[in-house]
Amino acid sequence: MNQSIATLKNELIQMVEAANDLSALEHARVTALGKKGRITDLMKNLGSMDPEARKAMGAALNELKDEIATLIEKQETGLKHQALNDRLAHETVDITLSPRPERSGHIHPISQTMEELVSIFADMGFSVAEGPDIEDDFHNFTALNFPPGHPAREMHDTFYLPDDPDETGEAARKLLRTHTSTVQIRTMMGQKPPIRIICMGRTYRSDYDMTHTPMFHQMEGLVIDKNTHMGHLKGCLMDFLRAYFQIDNLPVRFRPSFFPFTEPSAEVDIGCSRKDGGLKIGAGDSWLEILGCGMVHPNVIKNCGLDPAEYQGFAFGMGIERLAMLKYGIPDLRTFFESDVRWLQYYGFDPLARPNRATGE
Ligand code: DAH
C-alpha cells in the first residue's frame, strides 16, 4: 500500500479509537468520511491520475474507507453500551413513592368491556380462546363456508398482505382477519367437543367513517356438543344480554338473517326507547341491533374434520366497541383510538374497581 495511505490509516484509526464520546466519534467520522473528509478528498483526486495508478489507488482507498467505517461502527456500539451502563449505574427510580392522585391511570372502555364479557361468560362455563390477527384465506373465509368468489367475501373490505413466495395457493393467502369467526375454525380443528369458548380480539377492515374504523374489536362465541339446539342459543344470548346491560327484563328479539357459516342465522335486537334524540336501552317501542348468531353450518363442522351427523352447535359474534358505546354512552367510535388522555379520564375506569360495575356506581 502506498506510504501516504498507510500513514493516513494509522492517523484515522488513532482518532477513532481516541473518541471517548459520541460527539467526538461523529467528529472523527466527518473528518475521515464526510463530504470534505480526508478519504473523500483523496478520492476526488483519482480523476486526474493515469489509469494504472488510479486503479491501484482507487482500490486502496475503498478498502481504507470500509475499514474505517467498520471501526467507527464498532466504536459506536461500545460507546452506546458504555453510556447505557453509566445511566443504569447512576439513575434510580424510587418505586416506593406514592402515586400522584391527579395522574392516576384509567382502564380503557374496551379493556373494561372485555373484562365484563369474560366474567359473564366464565360464569356460564365458557373458556377464553385466542387466534392470530394475521390469518389466511382458509381460516377467514373458505373454512367458514365462504366459497371462492362468494359475494360475502367482497363485503369484508379485506386487508391482504403481500404474497409470500414460500406459500402458494389461494388458501394460504395472508390477510388481517376481518372477524373473530376464524377462531371457531382454529378451536374446532384443535380440540375435541364439547366446546364452549369465547374469543375476543382485534379485527380489521378497510373502512373509515363515523361508525367504522380500520381496526376494531369483536367477540365470538362457539358451543359445539351432541345435543345443542337453537333453544340453548336463545337462552344463552338472552342471559348474556340481560347480565351485560344489567336489565333483568330487557326485551330481546331474534330476527332471521344470513351468514355463510350459520344455518339458520339470526340477528338479535334489544329493546330501547328513543326520545328527544336520546337513546335508552330497556323497555320501549324501538329495537337496536346488537349481534349476529346462528346454528353452525354443517359444512363448517365438516371443514374442521368433525362429523355434522354427530356434532352440532351455535355461534355468535358482536362488536365490542358497540357494546361499550351503548352501555357507557360513548357517542363517537373514532374517539376510542385517538389516545386523548382527557377522553380516557372521562370514559375510563378505575383500575381497582371490579368488572361489571353499574354505571354511576
Ligand atoms: N362474523 C360476523 C361479522 O363479522 C359476526 C357473526 C355473525 C359471528 C354470526 C358469528 C355468527 O359467529 O354466528 O359480521
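Start at 1 and go down the list; that is how both ligands and their atoms are numbered. Atoms considered below: every heavy atom in the structure, side chains included; atoms not considered: hydrogens, waters and symmetry mates.
Given atom 14 (O) of ligand 1, the protein heavy atom at minimum distance is R205 NH2, 3.9 Å. Residue, atom and distance of the protein heavy atom nearest to atom 12 (O) of ligand 1 are E220 OE2, 2.6 Å. Atom 11 (C) of ligand 1 has its closest protein heavy atom at F261 CE1, 3.4 Å. Remark: minimum distance from atom 13 (O) of ligand 1 to any protein heavy atom is reached at A315 O, 3.1 Å. Protein heavy atom closest to atom 5 (C) of ligand 1, with residue, atom name and distance, is G317 CA, 4.2 Å.
Stacking of K327 on the aromatic ring of F245 is not recorded, the 6.0 Å distance cut-off and the 45° axial limit not both being met. Both tests do not hold together for R177 against Y204: distance to the six-membered ring centre under 6.0 Å, angle to the ring axis within 45°. Both the sub-6.0 Å distance and the 45° axial angle are satisfied by K234 relative to the ring of F254.
Which parts of ligand 1 touch Q184 is read off a 4.0 Å heavy-atom cut-off, strictly below it: atoms 12 (O). Listed by atom number, the atoms of ligand 1 under 4.0 Å from F259 heavy atoms are 7 (C), 9 (C). Those atoms of ligand 1 that come under 4.0 Å of a heavy atom in S181, given as number and element, are 1 (N), 8 (C). For ligand 1, the atoms lying closer than 4.0 Å to a non-hydrogen atom of G294 are 13 (O). The distance from ligand 1 to the heavy atoms of T262 drops below 4.0 Å at these ligand atoms: 13 (O). Residue Q218 has at least one heavy-atom neighbour below 4.0 Å for each of these atoms of ligand 1: 3 (C), 4 (O). Each of the atoms 7 (C), 9 (C), 11 (C) of ligand 1 lies under 4.0 Å from some heavy atom of G292.
Atom CZ of R29 is separated from atom CG of L12 by 13.0 Å, given to the nearest 0.5 angstrom. Once rounded to the nearest 0.5 Å, the distance linking CE of M200 with CD of Q218 reads 12.5 Å.
At a heavy-atom cutoff of 4.0 Å, ligand 1 is contacted by no atom of F314, backbone or side chain.
F216 has its ring centre no less than 6.0 Å from the ring centre of Y208.
Note on E11 versus R38: salt bridge recorded, some NZ/NE/NH1/NH2 to OD/OE distance being below 4.0 Å.
Judged purely by distance below 3.5 Å, without hydrogens or angles, the side chains of T92 and D94 never pair a donor atom with an acceptor atom.
At distances below 3.5 Å, not a single donor-acceptor pair connects side-chain atoms of N10 with backbone N or O atoms of I13.
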